[in-house]
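On a predicted model such as this, the values are computed, not experimentally measured, just so you know.
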Amino acid sequence: MKKLYTLITTMFFTAISFAQAPEKLSYQAVIRDSGDNLISNQAVGMQISILQDGTAVYTETQTPTANVNGLVSLEIGTGATTDNFSNIDWATGTYFIKTETDPAGGANYTITGTSQLLSVPYALHAETAVSVTETQTFADVVALGNTANTQLKSVTDPTDAQDAATKAYVDILQAQIAALDERIKLVEPAEVGDFRVGGVVFWVDPTDKIHGLVCAIEDQAEFIKYIDLHVQSIHGARFNAIGTGAANTDAIIATQGGATNYAAAKARFNGAGEATEWFLPSIDELIEMYKHKDIINTTALANRGGSFTDEFTYWSSSLFLDNDDPGSNEQVYVHEFEFDSSSEDGVKLYLKNGNRFSVRKVKAF
């Protein structure tokens with residue numbers, strides 16, 4: 001016997017003047033068998049019904065495909081049906097969504113689930129609302145029963161206590177939905193160029209395809225020192241490989257005595273001086289960013305960030321160690337981004353004292 005687990009059901013509506021609301025609801029569910037194993041990478045048959053006070057007012061069938069995580073996604077209102085989704089009167093009664101599922105992809109529905117729509121689909125309900133004239137005046141609004149008395153209320157910046165409480169509640173719900181979206185992403189395979197945990201994916205762990213590294217959508221500093229000039233020696237920041245930038249960053253910070261106007265601190269600390277999960281990349285991590293700088297720029301700009309500046313040189317957190325002189329750590333690996341991204345010529349060594357370059361911070365996910 002297989003069973004259906006509803007992961008999250010979300011409904012998206014648009015209410016724009018002179019535009020029609022979308023006649024569909026988004027629905028997602030995770031399917032597992034009786035042994036709690038995911039039903040992955042196969043089509044499942046589903047019959048979806050909208051119930052009003054226990055009676056089906058709309059029924060359709062779909063055959064979505066469960067992904068590698070057992071997740072099926074569909075849009076109610078777009079399936080095979082003889083009913084008319086737009087005829088549903090959302091203004092009356094209590095509504096439920098009933099799902100019947102055949103894990104084998106047919107119409108032998110062995111899984112049934114019903115859940116209540118806890119809030120009215122407002123944008124769809126608005127389709128049946130009484131229209132007002134485009135030339136309506138403030139006096140007209142008052143005459144029609146405006147409960148704000150002699151003022152119109154602001155939705156985005158409410159002055160009424162009840163309106164403010166409602167807005168605060170909605171803001172919390174929106175934040176929770178955003179957090180759930182991020183959690184769902186963390187169990188799905190990642191690709192270079194994805195936007196996750198506030199940054200752009202530039203490296204994906206080849207062992208699981210889920211974890212990796214992101215870089216910030218813009219530079220944190222330009223023409224910045226590598227270290228506080230009073231510091232003569234740094235120990236421990238000599239790792240080059242992917243996955244070592246955080247340890248390098250902490251080793252550098254440990255020598256600074258609270259100074260913040262240098263590369264590692266610009267990556268690790270936020271504007272309030274609080275430590276974060278971000279760090280200065282190792283040279284191998286910086287090379288990966290360089291290889292994918294074009295796709296990083298595209299995603300960053302789409303999320304109100306900025307591009308890498310090609311003529312800039314970026315600090316890594318990797319100190320150079322001369323094997324003939326184990327006490328030497330005067331030079332640091334950097335990358336000059338003016339070279340083509342297919343070239344390795346941009347990797348250079350510069351003295352850690354006196355030079356000033358750019359910083360683009362990195363975080364693991």
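A salt bridge (charged side-chain N to carboxylate O under 4.0 Å, His left out) check over residues 67-81, counting only residues at least two apart or in different chains, returns the pairs Lys24-Glu75. Evaluation of the salt bridge (charged side-chain N to carboxylate O under 4.0 Å, His left out) test over residues 90-110, restricted to residues two or more places apart or in two chains, returns none. Applying the salt bridge (charged side-chain N to carboxylate O under 4.0 Å, His left out) test to residues at least two apart or on different chains, the pairs with a partner in residues 276-288 are Glu288-Lys291. Among pairs with a residue in residues 253-270, those fulfilling salt bridge (charged side-chain N to carboxylate O under 4.0 Å, His left out) read Asp250-Arg268, at least two apart in sequence or across chains.
Every side chain to side chain contact (heavy atoms under 4.5 Å, CB included) that Ala272 has, sequence neighbours left out, goes to Asn270, Glu274. For Tyr314, the ring pair (Phe, Tyr, Trp, His ring centres under 6.0 Å) partners two or more places apart in sequence, or in a different chain, are Phe308, Phe337. In this view, Phe357 and Trp315, Tyr350 satisfy the ring pair (Phe, Tyr, Trp, His ring centres under 6.0 Å) rule, not counting sequence neighbours. Residues satisfying the ring pair (Phe, Tyr, Trp, His ring centres under 6.0 Å) criterion with Phe223, sequence neighbours excluded, are Phe312. Under the side chain to side chain contact (heavy atoms under 4.5 Å, CB included) criterion, Leu349 pairs with Phe320, Gln331, Tyr333, sequence neighbours left out. For Gln52, the side chain to side chain contact (heavy atoms under 4.5 Å, CB included) criterion is met by Val57, Thr92, Tyr95, not counting sequence neighbours. The salt bridge (charged side-chain N to carboxylate O under 4.0 Å, His left out) search around Asp53 returns none, not counting sequence neighbours. Here Thr244 pairs with Phe239, Ala241, Asn248, Ser282 under the side chain to side chain contact (heavy atoms under 4.5 Å, CB included) rule; sequence neighbours left out.
The residues Asp205 and Lys209 are annotated as not salt-bridged, no charged nitrogen and carboxylate oxygen being separated by less than 4.0 angstrom.
A donor-acceptor contact shorter than 3.5 Å links the side chain of Asp208 to the backbone of Ile210. Using modelled atom types, no side-chain atom of Ser49 and backbone atom of Leu51 make a donor-acceptor pair closer than 3.5 Å. With Asn84 contributing its side chain and Ser86 its backbone, the two residues share a donor-acceptor pair below 3.5 Å. Side-chain atoms of Ser40 come within 3.5 Å of backbone atoms of Val68 as a donor-acceptor pair (strictly under, hydrogens ignored). Here the side chain of Tyr226 pairs a donor or acceptor atom with the backbone of Ser317 at under 3.5 angstrom. Counting only distance, with no hydrogens or angles, the side chain of Arg360 and the backbone of Ala216 share a donor-acceptor pair below 3.5 Å.
Gln62 and Glu60 share a side-chain donor-acceptor pair at under 3.5 Å.
The shortest non-hydrogen separation linking Thr110 to Pro103 is OG1-CD, 3.7 Å. For the pair Thr59 and Asp83, the tightest heavy-atom approach, listed with the atom from each and the gap, is N-OD2, 2.8 Å. Listed here is the closest heavy atom pair of Ala267 and Lys361: O-CD, 3.7 Å. Scanning both residues, Thr99 and Tyr27, for their nearest heavy atoms gives CG2-OH, 3.6 Å. When all heavy atoms of Gly306 and Ala300 are compared, the closest pair comes out as O-CB, 3.6 Å.
Considering only heavy atoms from C-beta on, Ile76 comes within 4.5 Å of Phe85 through its side chain. Glu191 is not listed as a side-chain neighbour of Val201, based on a closest heavy-atom distance of 4.5 Å or more. The closest side-chain heavy-atom distance from Thr63 to Val44 is not below 4.5 Å. For the pair Leu213 and Val362, the minimum side-chain heavy-atom distance is below 4.5 Å. Two residues are said to be in side-chain contact when any heavy atoms from C-beta on lie closer than 4.5 Å; Arg238 and Leu319 meet this criterion. Residues Met289 and Pro281 are in side-chain contact: their nearest non-hydrogen atoms beyond the backbone lie under 4.5 Å apart. By the 4.5 Å heavy-atom criterion applied to side chains, Pro64 and Met46 are counted as neighbours. Using a 4.5 Å heavy-atom threshold, the side chains of Val72 and Thr65 count as separate.
Linking ILVMFWY side-chain heavy atoms closer than 4.5 Å, directly or via other members, places Val347 and Leu286 in a single hydrophobic cluster. Put simply, Ile227 and Leu351 are part of two different groups of oily side chains (I, L, V, M, F, W, Y) that touch within less than 4.5 Å, one to the next.
Distance check: Lys225 NZ to Asn353 CG gives 10.0 Å after rounding to the nearest 0.5 Å. Once rounded to the nearest 0.5 Å, the distance linking CZ of Phe202 with CD1 of Ile296 reads 7.0 Å. Taking OG of Ser316 as the reference point, atom OH of Tyr290 lies at 15.0 Å (rounded to 0.5 Å). The distance from atom OG1 of Thr298 to atom CG of Asn303, rounded to the nearest 0.5 Å, is 11.0 Å. Between the CD atom of Gln47 and the OG1 atom of Thr61 there is a distance of 7.0 Å, given to the nearest 0.5 Å. Expressed to the nearest 0.5 Å, how far CG of Asp194 lies from CD1 of Ile295 amounts to 8.0 Å.
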For Leu301 and Ser307: C-alpha separation, side-chain torsions, deciding distance, then whether side chain to side chain contact (heavy atoms under 4.5 Å, CB included) applies. CA-CA 7 Å; Leu301 289 170; Ser307 299; 3.5 Å; yes
Derivation and outcome, side chain to side chain contact (heavy atoms under 4.5 Å, CB included), residues Val192 and Trp203: CA-CA 6 Å; Val192 171; Trp203 179 81; over 6 Å; no
For the pair Ile97 and Ile50, evaluate side chain to side chain contact (heavy atoms under 4.5 Å, CB included) and give the outcome as yes or no after the intermediate values. CA-CA 5 Å; Ile97 293 180; Ile50 303 295; 3.9 Å; yes
What's the verdict on side chain to side chain donor-acceptor pair (under 3.5 Å) for Gln28 and Ser73, showing C-alpha distance, side-chain angles and the deciding distance? CA-CA 5 Å; Gln28 292 182 315; Ser73 301; 3.0 Å; yes
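For the side chain to side chain contact (heavy atoms under 4.5 Å, CB included) with Tyr262, the lone residue among Val359, Leu280, Ile253 that qualifies is Ile253.
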